[in-house]
There are 2 protein chains.
Amino acid sequence: MTSTTPTRVRPNAGTKGVARADREAQIVEVACKAFGERGYANTSVADVAEAAGISKPLIYNYFGSKEGLHAVCVEHAAATLWAEFERSSHTDTVGLARAVLTLDGMFRALAPQPWIWRLVFDPTAPDEGASHDAFQAYEQKLFTLGEDGVSELMRLAGNDDHDDTSAMHAVWESVFRSLVNWWLDHPEVSPEEMTARCVRMFSTAFGPIEGFADPAGTRA
Amino acid sequence: MTSTTPTRVRPNAGTKGVARADREAQIVEVACKAFGERGYANTSVADVAEAAGISKPLIYNYFGSKEGLHAVCVEHAAATLWAEFERSSHTDTVGLARAVLTLDGMFRALAPQPWIWRLVFDPTAPDEGASHDAFQAYEQKLFTLGEDGVSELMRLAGNDDHDDTSAMHAVWESVFRSLVNWWLDHPEVSPEEMTARCVRMFSTAFGPIEGFADPAGTRA
DNA sequence: TTGATATGACTCATGGGTAAGTTACCACAG
DNA sequence: CTGTGGTAACTTACCCATGAGTCATATCAA
């Protein structure tokens, strides 16, 4: 990126202002929040600039376009989510217990920056271009991970129809998203409480889950 | 509305063109399809006008604004959906069997005009104003219907926590929507096949459903 | 002087909305 | 069986707010 002079690393490459890397990071942070909370279509570049305390052209200097900025935000946010999915996929649990662990990890990961969830799954985001590509790359990885888990459970249950598996996967993803969205709509609920709620709900629907306490006593 | 002369009812109150009521119906039909397929934000009034073979100002004459037109479309579509929910709510089944019947009714109702589903649940629709009010009125009725069913089942299962019920209801709605959306994404699947698929999926997850054939033999 | 940070003041395409008119048909007076 | 006025249906040509994107320029460290 930034070149270094031989004898000494220039801390703030010759300028009155903030070093580009720092400024970019700051802009991305502000933009993630704006895009995540109001949606891509309802957020103007001027909004982001104002929130960041800078002017619009600086954003175009650094990110090229509104979509370019959005692409960086999505990549940043998707990487965060994916890291959490990857982490929780390394446990050796299966079925509902694994689902609960995944949800729990996601609640904890989202707690400090809840807006990145809606940023990634923003229905007003562009449906082509760099920012869409970034989203699709993430979704593809996520899809594979989920499809594997679902198809294995379906096979175990004696159903190996391809379309049934596809539909079941869609349902599972939607359940996951609706639980996260419910939690985002109830900001006073802590991740731990929300995980306990998921355990109770799954237990109510499917019976006790191996490895988790009985529903009766888990109320926070 | 149109005044009538004493001796004879004027069939097409003095005009060269199409009677207003007919034209309005035609515009609404075209607009429903456009809004439903491309979304409110991605559909311009000029698009609708062109698709209907008329000019933009005529739409403003009849509907006042883009949002006014959308409101009529949403009301029309929501009424269709609601009629189906009401109808299937009059059966005396409960639990999963009732869920399957509701889904089946919805698939059949949507088959001739699948776009009205996405029209009603359009994430790019305005979040205030007449069109939003129409949506909310519908959602409120739907919410009550769903919440009643879910809370009863939760109570039966021994969980009467208010927030658990709220979250479970959100999950159930999301499952319903994801099944409909999966079906809309697979237009070659008939309503009957899709219902059979739902039966298999529920059976796989929860065990046999009272009143429906065993999963093994239901493949179309 | 060079080059990086930074901005005020623009251009311009899009799309919602409107003003002012045209056409065709009907009712009715002469 | 004609004018003639009223009105519903319909359009052309425009206005204008918004927001993406750009250009010329200013400032300051090395």
Side-chain angles (χ1 to χ4, degrees), chain A residues 1-27 31 34-35 38-71 124-126 129-131, chain B residues 1-27 31 34-35 38-71 124-126 129-131:
Chain A
M1 290 283 193
T2 44
S3 64
T4 57
T5 50
T7 54
R8 192 164 77 83
V9 175
R10 289 177 304 163
N12 260 9
T15 169
K16 70 163 184 184
V18 179
R20 175 163 183 162
D22 295 349
R23 189 62 99 187
E24 279 185 354
Q26 181 215 354
I27 293 172
F35 285 141
R38 296 202 295 277
Y40 178 82
N42 300 314
T43 305
S44 73
V45 176
D47 288 341
V48 175
E50 194 191 341
I54 55 164
S55 70
K56 202 162 57 135
L58 193 57
I59 292 182
Y60 283 92
N61 275 350
Y62 288 170
F63 300 95
S65 65
K66 181 184 182 183
E67 209 205 278
L69 171 59
H70 189 246
T124 75
S131 124
Chain B
M1 289 288 185
T2 42
S3 65
T4 58
T5 48
T7 53
R8 192 163 77 83
V9 175
R10 288 177 305 163
N12 259 10
T15 168
K16 72 159 184 183
V18 180
R20 174 161 183 162
D22 296 348
R23 190 61 98 187
E24 279 185 353
Q26 181 215 352
I27 294 173
F35 285 142
R38 296 202 295 277
Y40 178 83
N42 301 313
T43 305
S44 73
V45 177
D47 288 342
V48 176
E50 194 190 341
I54 56 165
S55 70
K56 204 164 56 136
L58 192 58
I59 292 183
Y60 283 92
N61 275 349
Y62 288 170
F63 300 95
S65 64
K66 180 184 182 183
E67 209 205 276
L69 171 59
H70 189 246
T124 74
S131 125

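Order of the sequence lines fixes the chain letters, A, B, ..., with proteins taken first and strands second; residue numbering starts at 1 for each chain.
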Provide, to the nearest angstrom, the distance between the [atom1] atom belonging to [X] and the [atom2] atom belonging to [N].
| X | N | atom1 | atom2 | value |
| --- | --- | --- | --- | --- |
| A:E50 | D:dG19 | CD | C1' | 14 Å |
| B:I59 | D:dT11 | CD1 | P | 10 Å |
| B:I54 | C:dT23 | CD1 | P | 20 Å |
| A:R20 | C:dG3 | CZ | C1' | 13 Å |
| A:R38 | D:dG19 | CZ | C1' | 14 Å |
| A:F63 | D:dA20 | CZ | C1' | 16 Å |
| A:N42 | D:dA20 | CG | P | 11 Å |

Between the main-chain N or O of [Y] and the side-chain N or O of [X], is there a donor-acceptor pair closer than 3.5 Å?
| X | Y | result |
| --- | --- | --- |
| A:S131 | A:E67 | no |
| A:N42 | A:R38 | yes |
| A:D47 | A:S44 | yes |

| task | Calculate, to the nearest 0.5 Å, the distance between atoms OG1 and OH belonging to A:T124 and A:Y40 respectively. | result |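 Interatomic distance, A:T124 OG1 to A:Y40 OH, rounded to 0.5 Å: 9.0 Å.
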
| Pairwise distance CD1(A:I59) to CG(A:L69) - rounded to 0.5 angstrom |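 One finds 6.0 Å between CD1 of A:I59 and CG of A:L69.
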
| query | If you count the non-hydrogen atoms of other residues, nucleotides and ligands that lie under 6.0 Å from CD in B:Q26, is the total more than 12? | reply |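 Result for CD/B:Q26: enclosed.
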
| request: Pick base, sugar-phosphate or nothing for B:Y62, based on heavy-atom distances below 4.0 Å to the nucleic acid. | output: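 The answer is sugar-phosphate, as B:Y62 gets under 4.0 Å only of primed atoms, P, OP1 or OP2.
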
| query | Is there a side-chain polar atom (N or O) of B:R23 under 4.0 Å from OP1 or OP2 of D:dA8? | reply |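 For D:dA8, OP1/OP2 do not have a side-chain N/O of B:R23 under 4.0 Å.
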
| Per-nucleotide protein contact string for nucleotides 13-21 of chain C (B base, S sugar-phosphate only, - none; heavy atom under 4.0 Å) | ---BBBB--

